[in-house]
Amino acid sequence: MDRLFAVLDAVNAVMLGMPTLLCLLGVGLVFTVWSGFGQRRALTHGVQLLRGKVPGVSEGGDGALSHFQALSAALSATVGLGNIGGVAIAVSVGGPGAVFWMWMVGLVGMALKTTEVTLSMLYRDVSDPDNPHGGTMWVCKRGLAELSPKLARLGLVAGALFAVALILFGITGGNMFQAWNASEIARAYFGVPTWLSGLVMAVLVAAVILGGIRRIGSIAGVLVPLMCGIYVIAALYVLFVNAERIPDTFAMIFRCAFSPAEAGGAFVGASMGTAFIFGMKRALFSSESGIGSAPIAHSAVRTREPVTEGVVAGLEPFIDTLVVCTMTALVILITGVWNRGAIVQWDAPPALVEVGDQQWAPSSYTLPSTAHPGLIAGDQVFIVTESDDATRGKLFGNVVGEGAGRSIQWRPLTAAEPPRVIEAGVFADYPGSTLTAKAFDSARPGLGQWMVTLAVWAFAISTMITWSYYGEQGVIYLAGNGWVVPYRLLWCVLIFVTCLGYIRTDIEVDTISTVALGFMLAINLPVMLLLGSRAMHAYHDYFRRRRSG
């Protein structure tokens, strides 16, 4: 497994490196200016469309969903564990500065989402008016051929490659990331075996996805607004009881966005580049701006005007990143759990011994009887190490045994020379959404345990449901309807398999959940630039007609 994750890390370093993320920001800025700062229209006209208050536009047309249902279905894929577990990973690895770069993606993401959804609406397949198909693969196939007959073959190939990347990201980010986080928080708080959580989630998801996009839209239209409301209210409560720390927290976010974040406690430090990459990557994962997935749900909308759904879609990054992600980040930072202290103190740190070829681990360590009673068998812990070049890292282990006989089974660290153990002791590992839950608990005991666990499960299930539909559209594009049922069965089996213990840390789940993102960006962004003039022409024409009556 270690070798596999090393390969995936290398792929991510290339496909989601600094150049790619800068291109994402650049394209977002282009469409921000080109649309005349269309973010404002999403917040005004988009809200009117959701309320059905635009005469002659809000009724009729091909499609299966209302504007509100389409937005809810898309949000059920974006507002999920990326907002809870993903933000926690961004802060725990990238530090406070990652939050600033998440905001930047959220702002330009509003323009990106408006453009890509408008394109998808222009080129969607409505041969079955009650079940339209859309997304970047259809934009590639039809839009490039329309641009030039010479590009028709390229459009077919690009559409197929995008569909493959879409399915892969659905399996990893839309399925495995969600299932792992939900099962981990249920294990951490309630001792539920992860395989049992996986089985329950697989059954629940299977019961919904057999009903298609109409059932997905109906369930999302109720579940997503309800859980978003509960989650934001709980976050506002935490901010209220820690109100005196809010100014310093914002100052820290801006400071660390442009300078290294110092290490301390469980936080091993982060450079400005790390903050940039993790902030951008997790916001990209969460809001899905520019990767071409959300247009699939929006393409099922019922409307006469393609641009209207693009305007509504612009609300997604605002709700997802600038509201929900920000709430999570502020709760984690303001409560201090991101740089928490050790859960087990020691007088002198243990030396690392060589347990294999360039493999280092502490000598046998039995937890003292006075150690934190909440540490139970299966809990993951870590110690902080430092190499000769002053680079800090984490060496992980798992608690084994019960009561006074508890000890730690370490997973060796690979290094040419033995690193030093620093900091004050053993830290409890709170991967992904568990870190967010602990932050809520620190403000009011039990708040994270119950509210965040409920939110994680609701968001995970809704995201897995919607992403199953996204991947299904990729399967239909590549192989036709005959492969839909086997795909749905595989989807549900993978939920269960993910919860069997193959993924162990938040770094690993971050790696595996973003491996296909870069490939989707590499196809979708150039297509948006090539066909962006068509989207912007339709966009400005629509509002010109609105002004003229």
Side-chain angles (χ1 to χ4, degrees), residues 1-14 16-18 21 88-101 252 255-282 333 337-343 346 348-363 365 380-397 408 410-432 435 504-512 514:
M1 289 295 291
D2 290 339
R3 185 169 298 177
L4 170 64
F5 282 109
V7 172
L8 296 181
D9 280 332
V11 173
N12 281 339
V14 175
L16 282 176
M18 192 77 76
L21 297 176
I89 292 172
V91 173
S92 64
V93 180
V99 181
F100 175 85
W101 298 111
M252 181 172 57
R255 183 176 66 253
C256 294
F258 301 99
S259 62
E262 294 182 3
F267 180 62
V268 297
S271 65
M272 175 185 165
T274 302
F276 176 83
I277 289 174
F278 273 87
M280 292 276 287
K281 189 165 65 171
R282 296 322 304 181
L333 291 172
V337 297
W338 64 288
N339 60 354
R340 62 198 176 276
I343 199 170
W346 52 38
L352 299 185
V353 297
E354 192 167 14
V355 295
D357 184 23
Q358 296 187 345
Q359 297 281 308
W360 307 91
S363 53
Y365 181 72
Q380 187 160 266
V381 296
F382 65 86
I383 56 176
V384 179
T385 64
E386 185 177 64
S387 60
D388 289 338
D389 62 358
T391 299
R392 293 194 175 200
K394 297 178 181 179
L395 193 156
F396 291 93
I408 300 175
W410 300 102
R411 295 202 296 274
L413 186 70
T414 301
E417 299 293 333
R420 299 177 297 277
V421 178
I422 56 176
E423 295 297 337
V426 179
F427 294 84
D429 186 40
Y430 301 144
L435 179 68
R504 300 164 296 185
T505 71
D506 52 4
I507 297 296
E508 291 177 351
V509 77
D510 175 80
T511 296
I512 201 168
T514 55

**Prompt:** Who are the ring pair (Phe, Tyr, Trp, His ring centres under 6.0 Å) partners of Trp101, not counting sequence neighbours?
**Reply:** Phe258, Phe276
**Fill in**
Residue set satisfying side-chain hydrogen bond (donor to acceptor under 3.5 Å, both in side chains) with Arg340, at least two apart, ordered chain then number -> none
**Request:** Kindly give the heavy-atom pair with the smallest separation between Ala90 and Ala98, and that separation in Å.
**Result:** O-CB, 3.7 Å
**Message:** Rounded to the nearest 0.5 Å, what separates atom CZ in Phe267 from atom CZ in Arg392?
**Reply:** 10.5 Å
**Prompt:** Looking only at heavy atoms, what is the nearest atom pair of Trp360 and Ala415, with distance?
**Reply:** NE1-O, 2.8 Å
**Heavy atoms from other residues, nucleotides or ligands near CD of Glu354 exceed 12 (cutoff 6.0 Å)** = yes
**Asked** Just how far is it from atom CZ of Arg255 to atom CD of Glu262, taken to the nearest 0.5 Å?
**Response** 8.5 Å
**Set of ring pair (Phe, Tyr, Trp, His ring centres under 6.0 Å) partners for Phe427, sequence neighbours left out** = Phe382
**Asked** Which residues pass the salt bridge (Lys or Arg N to Asp or Glu O under 4.0 Å) test with Arg420, sequence neighbours left out?
**Response** Glu386, Asp388
**Item:** Set of side-chain hydrogen bond (donor to acceptor under 3.5 Å, both in side chains) partners for Asp389, sequence neighbours left out
**Value:** Ser387, Thr391
**Residue pair Lys394 / Ala266: nearest heavy atoms and the distance that separates them** = CE-O, 3.5 Å
**Prompt:** What are the two closest non-hydrogen atoms of Cys256 and Ala261, and how far apart are they?
**Reply:** SG-CB, 3.9 Å
**Fill in**
For Leu395, the side-chain contact (heavy atoms from CB on, under 4.5 Å) test, sequence neighbours excluded, returns Leu352, Pro362, Ile383, Thr385, Trp410, Leu413
**Asked** So which heavy atom on Ala270 is nearest to which on Gly95, and how close?
**Response** CB-N, 4.3 Å
**Request:** Just jot down the side-chain contact (heavy atoms from CB on, under 4.5 Å) partners of Val353, sequence neighbours excluded, or say none.
**Result:** Val355
**Prompt:** Between Ser92 and Tyr430, is any pair of side-chain heavy atoms under 4.5 Å apart?
**Reply:** no
